[in-house]
Amino acid sequence: MVKEHQIIAGNFDLAGRASSDLKRLLKSMATYPRLYVNRVCSASYEAEINIVIHSVGGYMTYEVNEANIELNFFDDGPGIPDIELAMKKGYSTASQIAHLNGFGAGMGLNNIKELSDRLTIHSTPRGTHLKMIFTIGERDA
Ligand SMILES: Nc1ncnc2c1ncn2[C@@H]1O[C@H](COP(=O)(O)OP(=O)(O)OP(=O)(O)O)[C@@H](O)[C@H]1O
Ligand SMILES: [Mg+2]
């Protein structure tokens, strides 16, 4: 099953919608441990919010299999110039509006790294692609 969900830049009312739709789907399947669903959806939420507050917009896709879940997030720029720096705890370029909405602690990418089992990030000025894979493991029991 592969599904797609649009993510609109700067829209704080819709921010998080893609990840909550995913959460609803995963819960309804009753296949996965609760901790696993929380882990997948927390990482999804961080990546979704990053598209809302840092990019011009994009979308996510989710591929749900019995043994693993793959999430892909694509946006149309402006990209992350220095990924290593962006991964550092506390590093943030979030705008004032993003801060007023409770974002911008500089923890999102770090959390995604911790929460996922495999993460790859590709970024150019034309856009950023995050790919995450989640496998059910000991920490989900
Ligand atoms: N999709 C993206 N496009 C462009 N820049 C991004 C994107 N995602 C992250 N970044 C850059 O990486 C930095 C770190 O991202 P991270 O998610 O860790 O923190 P944050 O979004 O600033 O704050 P938090 O996630 O804690 O609310 C961002 O401040 C931004 O500069
Ligand atoms: Mg973030």
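Computed from a predicted model, the values in this text were never measured in an experiment. Note that ligands are numbered from 1 as they come in the structure, with each ligand's atoms numbered from 1 the same way.
Side chains of Glu70 and Asn72: a donor on one and an acceptor on the other come within 3.5 Å. No side-chain N or O of Thr61 forms a donor-acceptor pair with one of Glu4 less than 3.5 Å apart.
Distances from the Mg ion (ligand 2) show that Asn50 has an N/O/S atom below 2.8 Å.
Around CZ of Arg118, the count of heavy atoms belonging to other residues, nucleotides or ligands within 6.0 Å does not exceed 12. The 12-atom threshold is not exceeded at CD1 of Ile97, counting heavy atoms of other residues, nucleotides or ligands nearer than 6.0 Å.
The protein heavy-atom contact nearest to atom 19 (O) of ligand 1 is Gly106 CA, 3.2 Å. In terms of protein heavy-atom proximity, atom 29 (O) of ligand 1 is closest to Thr93 N, 2.8 Å. Looking only at protein heavy atoms, the nearest one to atom 21 (O) of ligand 1 is His54 NE2, 2.7 Å. When only non-hydrogen protein atoms are considered, atom 6 (C) of ligand 1 lies nearest to Ile80 CG1, 3.4 Å.
Transitive grouping of hydrophobic side chains (ILVMFWY, heavy atoms separated by less than 4.5 Å) keeps Leu109 and Phe74 in distinct clusters.
Closest heavy-atom approach to atom 14 (C) of ligand 1 among the candidates Gly77, Ala86, Ala98, Gly108: Ala86. Checking Val56, Leu109, Leu130 against atom 18 (O) of ligand 1, the nearest heavy atom belongs to Leu109.
Residue-level proximity to ligand 1 for Asp75 is carried by the side chain, the only part with a heavy atom below 4.0 angstrom. Only side-chain heavy atoms of Glu46 come within less than 4.0 Å of ligand 1; its backbone N, CA, C and O stay farther off.
Relative orientation of the Phe12 and Phe103 rings is parallel, given thresholds of 30° and 60° on the angle between their planes.
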